[in-house]
Enquirer: 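I'd like to ask some things about the structure below.
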Amino acid sequence: MKLNIALLAGDGIGPEVVDQAVKVSNAIAKKFGHEITWTPALTGAAAIDAVGEPYPDETHEICMKADAVLFGAIGHPKYDNDPSAKVRPEQGLLKMRKKLGLFANVRPTFTFPSLIDNSPLKRERIEGTDLVFLRELTGGIYFGEKGRRDGGETAYDNCVYTRDEVKRLAKKGFELAMTRSKKLCCVDKANVLETSRLWRETVQSMEKDYPEVTVSYEFVDAVAMRLVQWPNSYDVLITENLFGDILTDEASVISGSMGLMPSASVGEHTSLYEPIHGSYPQATGLDIANPLATVLSAAMMFEDAFGLTAEAKAIRDVVDKSLAEGVVTEDLSGKNKAYKTSEVGDWLANHI
Ligand code: IPM
Ligand code: MN
């Protein structure tokens, strides 16, 4: 099969972790007889430095023409510490999500048998956790009108959702629940927020179309607590943009390291695969970041974008093997030897 993939490495550790996912994907392509064409393109602070814009039109064209996008990370401290910056790398990510119509962000949380004791949470709480967040990605407070008034003394960010936006996300949630344990949790704050009441009302109205799915409705604050207390009680969770951003970082603690969890963003145009972690500026260029979240994002890409399940499984299997054999970066190595980012990538590629 011919696979045409746009490669958006971005900022910070993005290029380093993406390099390992490319090595692994190329090894898979060789083993299974596929031909991958990688088309690199600029995003984030790297794109601002080069062309003054974090998601240039040329990059968008490349993404639109590709079969899938593999993405690293976006963000640079020089913008974080400058609230007055007019152009920010993160705007590139938001623009990309919006222009590609990536309204659903699929973020699984699972545990690895060999890493259970790496989690700060007790083994008996987290063993067997296998849940998926579907985070709405192109609406809500991220995209509502924002600004300042009263001479800059008052700031506002509006949270806006339409029924259709909720419906299309919830539909994916119901469909996903049907392929799993048929349990769906709608996470909202309907006791306070009008947008949450629209969410709840919309999801309730869809229940009749999926009679086999058991739906629970839970407030986001309670979910934040239960998620680390009884992660096993959840399967598919649907939620709005900001709640999903926060809860998925929290959930990554269950797996033992933020450097482990992959994600897929899907919607109207080309799907995008990216680790859930950020650009980790302190580690940039040091060859120490964990590449597994990006490697596992590539596995999601083989499976979802190309329907290549054996290829995806081969990636997951070799990742499991590397973890079991202790071929891990410093976030996971404890007192044992820490491997470099590139060494982990080489090991995975060689063992495929
Ligand atoms: C994520 C990130 C982004 C988000 C940032 C970098 C804009 O935290 O993908 O979760 O908030 O969506
Ligand atoms: Mn986030």
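Every number for a ligand or one of its atoms is a count from 1 in the order of the listing. Numbering starts at 1 and runs along the sequence shown.
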Enquirer: To which residues is V160 joined in a hydrophobic cluster, defined by side-chain heavy-atom contacts under 4.5 Å among Ile, Leu, Val, Met, Phe, Trp and Tyr, whether direct or through other members?
Expert: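 Its cluster mates, by chain and number: none.
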Enquirer: What is the closest protein heavy atom to atom 1 (C) of ligand 1, and at what distance does it sit?
Expert: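 Nearest neighbour among protein heavy atoms for atom 1 (C) of ligand 1, to 0.1 Å: R107 NH2, 3.4 Å.
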Enquirer: Quick one: ring pair (Phe, Tyr, Trp, His ring centres under 6.0 Å) pairs with a partner in residues 93-139, sequence neighbours left out?
Expert: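 Of all non-adjacent pairs touching residues 93-139, those that pass ring pair (Phe, Tyr, Trp, His ring centres under 6.0 Å) are F110-F112.
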Enquirer: Students should be able to answer this: which protein heavy-atom is nearest to atom 7 (C) of ligand 1, and at what distance?
Expert: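 Among all protein heavy atoms, the one nearest atom 7 (C) of ligand 1 is E90 CG, 3.8 Å.
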Enquirer: Who's the nearest protein heavy-atom neighbour of atom 2 (C) of ligand 1, and how far?
Expert: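 Checked against all protein heavy atoms, atom 2 (C) of ligand 1 sits closest to D245 OD1, 4.1 Å.
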Enquirer: Heavy atoms only, cut-off 4.0 Å: how does R88 contact ligand 1, side chain, backbone, both, or neither?
Expert: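 Within the 4.0 Å criterion, R88 makes no contact with ligand 1.
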Enquirer: For the pair S252 (side chain) and G259 (backbone), establish whether a donor and an acceptor sit closer than 3.5 Å, ignoring hydrogens and angles.
Expert: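 Not confirmed, S252 side chain does not pair with G259 backbone.
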Enquirer: Would Y161 and W199 count as a close aromatic pair, with their ring centres under 6.0 Å?
Expert: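 So the answer is yes for these two rings.
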Enquirer: Salt bridge between E16 and K340, side-chain N to carboxylate O under 4.0 Å?
Expert: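 The answer is no: the pair does not qualify as a salt bridge.
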Enquirer: Are R180 and D130 ion-paired here, with the side-chain N under 4.0 Å from a carboxylate O?
Expert: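 Yes, this pair counts.
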Enquirer: Just by distance, no angles: are the side chains of R97 and S265 close enough, under 3.5 Å, to form a donor-acceptor pair?
Expert: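 No donor-acceptor contact under 3.5 Å links the two side chains.
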Enquirer: Can a salt bridge be assigned to the pair K99 and D57 using a cut-off of 4.0 Å between side-chain N and carboxylate O?
Expert: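 Here K99 pairs with D57 in a salt bridge, since their nearest N and O are under 4.0 Å apart.
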Enquirer: What residue and heavy atom of the protein are closest to atom 5 (C) of ligand 1, and at what distance?
Expert: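 Ranked first by proximity to atom 5 (C) of ligand 1 is L93 CD2, 4.1 Å.
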Enquirer: Could you please give the number of protein N/O/S atoms within less than 2.8 Å of the Mn ion (ligand 2)?
Expert: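 Protein heteroatoms (N, O, S) closer than 2.8 Å to the Mn ion (ligand 2) number 1.
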Enquirer: Counting only heavy atoms closer than 4.0 Å, does ligand 1 sit against the backbone of Q91, its side chain, both, or neither?
Expert: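 The answer is neither; Q91 stays 4.0 Å or more away.
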Enquirer: Between K171 and E175, is there a side-chain N and carboxylate O pair less than 4.0 Å apart?
Expert: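 Salt bridge: yes.
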Enquirer: Starting from atom 9 (O) of ligand 1, locate the nearest protein heavy atom and write down its residue, its atom name and how far away it is, to 0.1 Å.
Expert: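 The protein heavy atom lying closest is R97 NH2, 2.8 Å.
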Enquirer: To the nearest 0.1 Å, how far is atom 11 (O) of ligand 1 from its closest protein heavy atom, and which atom is that?
Expert: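 Going by distance alone, atom 11 (O) of ligand 1 is nearest to Y142 OH, 2.5 Å.
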Enquirer: I need the contact type for R135 against ligand 1. Using non-hydrogen atoms and a strict under-4.0 Å cut-off, is it side chain, backbone, both or neither?
Expert: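 For R135, the contact with ligand 1 is made by the side chain alone.
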Enquirer: Does I246 sit in a hydrophobic cluster with other residues, and if so which ones, taking ILVMFWY side chains as linked at heavy-atom separations under 4.5 Å, directly or through other members?
Expert: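 Joined to I246, directly or through intermediates: L94, I141, Y142, F143, L242.
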